[in-house]
Every structure is written in structure tokens, then in C-alpha cells.
> 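This is the structure, below, for whatever I ask next.
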Amino acid sequence: MRQILVTSALPYANGHIHIGHLVEYIQTDIWVRFQKMRGNRCIYICADDTHGAAITLRAQAEKRSEIDVITEMSQAHQADFAGFGIEFDQYGSTHSDENRALCADIWEGLNKAGLIVTEDVEQFFDTEKGVYLADRFIRGTCPNCGSKDQPGDNCSKCDAVYEATELIDPISQISNSTPELRRTPHKFIDVEKARDTIANWIDDDTLPEQTVNQLKGSYLHEPLKQKDLSRPGPYFGFEIPDFEGNYWYVWYDAPIGYIATTHQWCKANGEELDAWWRNEDCEIHHFIGKDITYFHTILWPAMLEAGDFQLPAKVRIHGFLTVDGEKMSKSKGTFVRATSYLDHLDPTYLRYYYATKLNSRIEDIDLNLEEFATRVNSELVGKVVNIASRSAKFVAKTGLSDTYPDDGGLFEKFAKAGDDIAAHYEAGDFSKATRAIIELADLANPYVEENAPWELKKDETKAQELQDVCTVALNLFRQLAIYLGPVIPGITEKVSTLFDEPLTSWDQAKTPVTGKTLNKFKHLVQRVDPAKIEAMIEAGKEAAAAEAKLNAAAGSWDDSSDALDAEPIQPEISFDDFAKLDLRVARVVEANEVPKANKLVQLTLSLGGDETRNVFAGIKAAYKPEDLEGKLVVMVANLAPRKMKFGVSEGMVIAAGPGKDEIYLLSPDSGAVPGQRVS
RNA sequence: GGGACUGUAGCUCAAUGGUAGAGCAGGGGACUCAUAAUCCCUUGGCCGCUGGUUCGAUUCCAGCCAGUCCUACCA
């Protein structure tokens with residue numbers, strides 16, 4: 001019997017659970033349930049990640065305390081998880097006494113090992129709100145191209161990358177005041193000193209091959225950079241014991257929450273923490289998304305080693321969720337919250353669908369809404385559940401045959417397939433596991449077809465034969481219900497009721513049940529109604545629209561406020577300021593691709609007569625050169641020429657949109673001619 | 001800019017150094033026990049593009065294109 005501790009990444013207390021999060025929790029829950037069915041000693045640990053500046057900002061916006069925010073969100077998270085049948089052995093919080101104590105212990109270990117160094121950091125401080133500002137809370141003028149209102153890390157106009165401290169006229173996004181640059185000491189972890197531990201641990205046993213390649217090709221290729229683990233107060237989190245006024249960065253205390261929550265579980269169950277975290281015989285498996293690989297494969301092992309804890313046996317990494325091939329989108333209604341899903345659809349569907357998609361590699365998985373319905377209906381309802389539903393009523397009165405009949409080796413075949421299916425589950429290849437199970441179902445239905453119980457029923461002399469055929473069909477069905485137990489526990493529980501026998505162990509699939517009366521067969525799962533999917537998406541759209549309306553105050557066109565939210569309106573200017581800007585109608589007389597440029601198209605713009613301008617425009621992703629020629633556009637005619645890698649750009653064309661392939665050139669209504677001023 | 005991964009039938013995904021497979025969808029037939037379920041047959045593919053290695057490549061190598069993630073004081 002193996003001893004296994006499993007975790008999912010801790011959901012952040014700043015937001016609600018959505019169907020993207022659920023990929024991970026469903027994946028983990030399936031794996032944990034599988035381990036428990038196999039008879040292994042396995043606990044599933046998770047917690048809310050509660051610290052950081054974002055929580056404080058939310059609390060301030062909602063005019064309540066941080067504790068209120070995280071308490072309410074934790075309850076919401078747990079309710080959402082419970083709704084999807086995700087069963088934690090312990091669900092904790094990073095804001096717990098256990099976590100504070102463990103953070104201090106590991107900190108001491110890090111200090112003893114000489115891994116902590118102190119360095120000064122320059123950071124903006126919002127004097128009105130009294131907080132230090134992370135880069136994403138600062139906007140200002142790009143030091144490179146002079147574009148105003150750019151984010152704190154890179155310019156959306158010229159793509160220049162810079163430090164927030166380099167911004168000209170920085171503005172705090174929290175108070176709209178000018179922040180003050182302050183120099184404060186921070187505590188860093190010198191991860192390079194733990195290189196040997198990390199490098200030895202990173203291999204094909206502990207991590208997916210792709211991740212091993214990635215880490216070896218990037219981080220391990222050069223000295224590991226020091227990681228800033230402290231934040232000056234005020235900061236919602238734990239104060240660092242030997243560093244007054246400073247707090248642990250959220251990514252320090254978050255993973256320690258795994259241990260702290262285990263500790264809570266131990267206290268509640270009379271167990272020793274060391275038996276789980278300082279025990280080489282205990283396997284620790286972390287399930288995470290690909291975005292937080294660094295924290296779990298570089299930072300975390302270094303911390304564990306310093307705290308004298310064992311390193312994880314495996315980190316299992318999954319990709320992101322797309323819906324109908326695209327990123328989830330609020331305005332398209334595909335950003336579906338867990339509660340919203342549950343309002344419309346059965347959680348079993350999503351568990352099954354995700355299972356058919358999940359594998360052991362790091363690939364994004366797509367929720368194709370049409371496939372979602374047809375797949376669940378044809379496989380789960382049409383093939384699997386159908387076996388019981390077409391045979392149970394024939395033996396409602398007689399019960400199952402007293403001895404298991406000759407079935408041509410089907411039961412034995414199903415029993416043997418259990419090993420392969422188990423291996424797929426173990427490896428995290430749930431798509432292979434479900435496919436193997438459906439293949440079995442595809443053997444069971446023809447069996448029923450060939451033996452036609454509905455024909456046997458017509459002949460009273462064939463009563464025994466009828467009972468035998470149904471005994472076989474129901475036993476095959478029972479095996480499938482066991483194999484699908486980790487994925488669709490809700491259904492398997494109902495099957496347990498049908499057979500009047502809890503189906504909780506994998507090995508039950510090895511022995512047929514005979515000579516017993518079944519409980520009345522009831523529908524195990526409703527077919528997916530595509531109209532309900534549609535309703536769910538529509539509800540999402542409406543919620544997004546309502547939210548947009550709320551934000552935009554008034555507006556009869558129902559437009560989303562996303563764009564305005566992303567880029568607020570600039571400070572007021574005078575007419576004279578505006579008059580400095582010379583906008584002109586121009587015709588694209590020539591447009592060419594720029595070899596080697598990622599985004600640029602070279603344009604020759606005519607202002608009428610012989611006056612032309614050479615302009616490089618970052619619109620390659622949205623426009624083909626041949627589609628541009630002849631088009632009338634609006635250009636900034638008096639913009640200072642800018643030397644670029646590919647030549648000098650003498651102006652810019654005006655366009656709207658967030659960028660990439662969403663760029664919309666402005667063009668005048670018909671009648672305008674090149675050279676006319678736009679005012 | 002650097003690193004990693006992905007790109008196979010309309011859709012979602014397998015497999016493989018030797019003329020490509022499944023499920024769903026589409027087409028044809030059978031059945032009527034079953035949640036308009038099931039069963040049988042069947043139409044679909046320059047295996048992203050271009051080169052190279054090989055007797056032979058979808059599979060190995062290189063380059064390119066597209067997408068995703070990480071990383072980076074590139075215009």
C-alpha cells in the first residue's frame with residue numbers, strides 16, 4: 001500500500017472559481033479517487049491562497065476587512081468545489097496559525113543555510129494609500145517612445161520593456177496620485193546556492209519530460225536568479241520575524257500552505273506531520289498549471305530542502321483551458337463561473353468531458369461545446385448507461401442468476417482490462433483510460449444486441465436464458481461503473497444503490513455478482529440538453545453585459561466597458577494642445593511586408609500631389625499589404641520622424657483596438673481626399 | 001531575443017522509419033429492450049510548409065510559418 005499526499009494549486013482569494021480552474025481540481029480529484037479505490041492511503045490537501053496586495057485593494061474597494069474578504073471567498077470556493085464532487089481531505093487557508101509557524105521554521109532553515117540575502121530595491125510608494133505598488137498598479141509615459149498611460153513593465157505602443165521606475169510621470173492606478181520612489185531593503189533567496197538539490201531532483205521521474213527540457217534549456221542553463229521574497233508593509237500577509245515592518249511575499253507562504261494544511265489534517269486525525277512531509281516512503285504529488293512551473297520546480301524544492309522536508313515525488317503539470325478553440329472570454333459568455341455552470345448543467349458532464357481530454361502532457365485542452373454535448377450523450381448515456389437501462393428491467397423481479405453464466409469470456413476480458421485502465425489513470429492519461437473503458441462498452445452493447453433479451457422475453461421457456469443474458473449485461477455494466485468511479489462518482493454511487501453494494505474498490509471488478517435482487521433501476525444521468533449549454537453561455541454574456549453597463553454607468557448600446565477599463569481616458573487638454581496634432585487624410589499608395597519584422601507593415605502614404613510619407617505601422621497581424629493599397633486612412637502628419645530598425649518612420653496611421661489581430665484602422669467617410677486636415 | 005511545447009479526416013484526438021487510425025459529425029441499412037438510445041456497413045486526410053538523411057519519412061535532422069507558455073532593460 002502506497003502512502004500518497006496530493007495537492008492542487010491554491011486558488012487565489014481574489015476571485016471566484018471558473019471552468020478553467022476546474023480542469024485542475026477535477027483532474028486531481030479523479031486521480032485521488034483512483035488512488036483510494038486502489039486501496040492506497042491517500043489524502044488530498046488544498047487551501048485558499050489569501051495574501052498579497054490584491055486582497056487589500058479588494059477589501060478597500062468593498063469597504064471591509066481583508067479577513068472578511070478571504071473568509072467569504074473561501075466559503076464560496078469550497079461550495080463550488082463541493083458542487084463538482086471535488087473532495088478534499090482538508091481544505092485550509094494560508095492565513096492560518098499553522099502556516100505562520102511553518103513559514104517561520106522554513107525561514108530559519110533558509111537563513112541557516114545561508115540562502116537569504118538582503119538587497120535594496122527601488123519601488124514606487126503610493127503616499128495617499130500608504131502602500132508600495134507592484135508594477136501592474138503603475139502607469140505612465142513610456143521612456144522609449146513617449147506614449148502616455150503605459151503599463152509598468154512594457155509599452156503597448158512600441159513594445160519597449162522597462163522597469164516601472166523608468167516611467168516618465170508615473171501614476172498610481174489605485175489613487176491616481178503621483179507615487180514616490182522609495183529605496184528599501186528586501187530579502188532575497190539566493191536560489192543558485194540550492195542548485196545541486198534542484199538540478200538533481202529535476203528528472204523524468206519527477207516532472208513531465210517537456211518541463212525537464214524546458215528547465216534545462218532555460219533556468220538551469222545559467223546561474224539561478226535571486227528571488228525577492230519580502231515586501232515592505234503595509235501588506236496583507238505575515239510579518240517576517242527578523243525583519244520588522246516587512247512581510248513574506250505571497251509566493252513564499254502559498255506553497256507552505258500545503259504543509260500547513262496537512263498539519264491541520266494531522267491534528268484532526270491524530271497523525272504526525274513528519275509521517276507525511278519528512279518520510280521518504282510518502283509520495284507527494286503536486287498538480288499545477290503550466291504557468292506556475294517555476295515556483296514549484298525551482299523555488300519550492302529550495303525551500304523544502306532548507307526546511308528539512310522531503311522533495312515532491314512528482315509535479316504534474318497541465319495546460320490551460322480554451323473554449324471552442326479560443327481563450328475564455330467574458331463578452332462571449334465562455335468565461336463560465338462554477339456557480340453559473342451548476343445553475344444549468346450537471347457537474348458529471350464536465351468531469352467526464354475533461355477526463356476524455358486530459359493526458360500526462362502539458363497541452364491546453366479545448367472545451368468544444370458541441371462536442372461536449374455529443375460526447376457525453378453518445379458515450380456516457382448512449383453506450384455505458386444504456387447497457388443497464390436496456391437490461392435491468394428484465395430481471396427486476398427475478399434478480400440475477402445464481403451462478404455467473406457463460407458469456408464467451410467477456411467478463412474475464414473486462415476484468416483483465418482493469419490493469420491497463422489503472423495504468424492509464426496512474427500516469428494521468430485519463431483520455432486513454434476513458435477510451436479504453438468506452439471500447440469495452442462497445443463490446444457490451446453488441447452482446448445485448450446478439451442475445452436480444454426482448455425476444456427471449458416473449459418465450460416463457462427461455463426465462464433462464466433471459467435472466468442469464470441480463471446477468472451478464474449488468475455485470476459488465478457494473479465493471480464499467482467501477483472503472484469510471486474516479487471520474488463520475490455521482491453515477492457510480494447510484495449504481496452502488498442499484499446493486500445494493502458500495503462500489504468503492506477497483507478489485508470489485510474482478511468478481512461478478514450473482515444471485516441477488518437489484519433495486520429498482522432509475523435514470524442515472526440525464527442527457528445533455530444543448531439548449532442548456534446555450535442558456536449558460538447566454539447567461540454569461542448577460543452577466544458580462546450587466547457588469548459592463550454597471551461600470552459604464554449609462555449607455556443604450558449595451559457596449560462592454562472592457563476597452564475603457566483597460567485604458568482610462570487621459571487628463572484633460574486644451575484646444576491649443578489638440579491643435580498641435582496635425583491629422584491628415586492619406587491614401588495608401590503602396591504597402592509592403594517588412595521581412596523579419598514581427599508586426600510591421602511598410603506603407604507609402606500620399607497626402608496628395610507629390611507629398612508622400614514612409615510609415616511603418618504595427619498592423620501586420622490584422623492587415624495584409626495588398627488589402628491596404630488604395631485605402632484612405634488618417635495619419636498623424638506632424639509626428640517627429642522615428643528611426644526604426646527597418647528604416648525611418650515619418651508619421652503614424654491611426655487605429656483602434658487592443659492590438660495583435662484586433663486592430664481597426666480609421667478611415668474617412670467617402671468624399672474626403674488625401675491632404676485634408678482632420679479636425 | 002532566448003527556451004519549451006503544439007500543428008494528423010468537418011470536429012476532438014491516436015499511432016507509426018515501410019502505402020495513416022478511433023470517436024463524433026456525414027451517407028446507407030437493421031432493430032425496437034433502452035434516456036429519438038443500440039447494432040452493421042460506409043464516404044472523408046499533399047500527417048503545417050520547404051529542404052536534408054535514408055532503398056523508403058507523417059515518423060529522424062535543419063530551416064520556415066502559425067499557436068501556446070516561460071523568460072528577457074530588442075526596434
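Note on naming: letters A, B, ... go to the chains in the order of the sequence lines (proteins, then strands), and numbering restarts at 1 for each one.
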> Quick one: are A/D468 and A/V472 in side-chain contact, heavy atoms under 4.5 Å?
no
> Between C1' on B/G7 and CD on A/E363, what's the gap in Å once rounded to a whole number?
10 Å
> NA contact type, A/K457, heavy-atom cut-off 4.0 Å: base, sugar-phosphate, or nothing?
nothing
> What's the closest nucleotide to the A/S378 side chain, out of B/C13, B/U68, B/C24?
B/C24
> Do the side-chain N or O atoms of A/R527 get closer than 4.0 angstrom to the phosphate oxygens (OP1, OP2) of B/A37?
yes
> Using the P atoms only, state how far B/C70 lies from B/C64, rounded to an integer number of Å.
23 Å
> Which residues within residues 209-216 of chain A lie with some heavy atom under 4.0 Å of an atom in RNA chain B?
A/Q210, A/N213, A/Q214
> Distance between the P atoms of B/U58 and B/G17, in whole angstroms?
13 Å
> Between B/U6 and B/C39, how far is it from one P atom to the other, in whole Å?
34 Å
> With rounding to whole Å, what would you report as the distance between B/G26 and B/A34 at their P atoms?
24 Å
> Could you check how far CH2 of A/W251 sits from C1' of B/C70, rounded to whole Å?
14 Å
> Under 3.5 Å for both donor-acceptor distances, Watson-Crick or wobble: does B/G63 have a partner, and if so which one?
B/C49
> Determine the Euclidean distance between corresponding P atoms of B/G52 and B/C13; express it in Å to zero decimal places.
33 Å
> Could you walk me through whether A/F124 and A/Y132 pass the ring pair (Phe, Tyr, Trp, His ring centres under 6.0 Å) check?
CA-CA 6 Å; A/F124 278 117; A/Y132 283 90; over 10 Å; no
> Write down the distance between CG (A/D364) and P (B/U6), rounded to a whole number of angstrom.
12 Å
> Given the C1' atoms of B/G51 and B/A57, what is the spacing between them in whole Å?
13 Å
> Without decimals, in angstroms, what is the distance between A/L443 CG and B/C40 C1'?
15 Å
> Counting heavy atoms from C-beta on, name the nucleotide in B/U35, B/C39, B/C70 closest to the side chain of A/H523.
B/U35
> On RNA chain B, nearest-nucleotide positions of A/G217 versus A/N445: which is more 5'?
A/G217
> Rounded to whole Å, how long is the line connecting atom CD1 of A/I491 with atom C1' of B/U35?
12 Å
> Name the closest nucleotide to the A/R390 side chain, picking from B/C69, B/A14, B/U38.
B/U38
> Below 4.5 Å, heavy atoms only, C-beta onward: do A/F477 and A/V495 meet side chain to side chain?
yes
> Counting only side-chain heavy atoms from C-beta out, which of B/A14, B/C70, B/U35 sits nearest to A/V525?
B/U35
> With the side chain counted from C-beta on, respond yes when A/T297 and A/Y219 share a heavy-atom pair under 4.5 Å apart, and no when they do not.
no
> Can you check whether A/R361 has a side-chain N or O nearer than 4.0 Å to OP1 or OP2 of B/C13?
no
> Quote, to the nearest angstrom, the C1' distance that separates B/C65 from B/C49.
7 Å
> Regarding A/K327, tell me which of base, sugar-phosphate or nothing describes its non-hydrogen contacts under 4.0 Å with the strands shown.
sugar-phosphate
> Using a 4.0 Å heavy-atom cut-off across all strands, classify A/L524 as base, sugar-phosphate, or nothing.
base
> Please identify each residue that fulfils side-chain contact (heavy atoms from CB on, under 4.5 Å) with A/A436, with sequence neighbours left out.
A/I421
> Hey, does A/E379 reach any base, or is it just sugar-phosphate, or nothing, if we go heavy atoms under 4.0 Å?
sugar-phosphate
> Would B/G44 be called syn or anti here, given the cut-off of 90° from 0?
syn
> Under 4.0 Å between a side-chain N/O of A/N386 and OP1 or OP2 of B/C33, yes or no?
no
> Of the listed nucleotides (B/A34, B/C69, B/C39), which one gets closest to any side-chain atom of A/K290?
B/C69
> Of the options B/C33, B/C13, B/C24, whose atoms approach the side-chain atoms of A/W454 most closely?
B/C33
> Under a 4.0 Å N-O cut-off, is there an ion pair linking A/E449 with A/R390?
yes
> Using a 4.0 Å heavy-atom cut-off, does A/N377 contact any base of the nucleic acid, only the sugar-phosphate backbone, or nothing at all?
nothing
> Nearest nucleotide by nearest heavy atom, which residue falls closer to the 5' end of RNA chain B, A/K522 or A/G325?
A/G325
> Could you tell me whether A/F394 contacts a base, only the sugar-phosphate backbone, or nothing, with contacts defined as non-hydrogen atoms closer than 4.0 Å?
sugar-phosphate
> Quick one: pull up NZ in A/K393 and NZ in A/K457 and give me the separation to the nearest 0.5 Å.
6.0 Å
> Identify which nucleotide among B/U71, B/C69, B/G3 has an atom closest to any side-chain atom of A/D291, counting heavy atoms from C-beta outward.
B/C69
> How many whole angstroms separate atom CG of A/L367 from atom P of B/C11?
17 Å
> Give A/E455 one of three labels, base, sugar-phosphate or nothing, depending on what nucleic acid heavy atoms sit under 4.0 Å from its own.
sugar-phosphate
> Work out how far the P atom of B/A4 is from that of B/A62, and round it to whole angstrom.
10 Å
> Would you say A/E370 has more than 12 foreign heavy atoms packed within less than 6.0 Å of its CD?
no
> Taking salt bridge (charged side-chain N to carboxylate O under 4.0 Å, His left out) as the cut-off, I'd like each qualifying pair that reaches into residues 469-481 of chain A, sequence neighbours left out, listed once.
A/R478-A/E501
> When you check the phosphate oxygens OP1 and OP2 of B/C24, does a side-chain N or O of A/K383 lie under 4.0 Å from one of them?
yes
> Atom CZ of A/F287 and atom OG1 of A/T7: how far apart are they, to the nearest 0.5 Å?
8.5 Å
> Is the NZ atom of A/K462 crowded by more than 12 outside heavy atoms at less than 6.0 Å?
no
> What integer distance in Å separates A/L369:CG from B/C24:P?
20 Å
> In this structure, how many angstroms lie between the P atom of B/U38 and the CD1 atom of A/I387, rounded?
11 Å
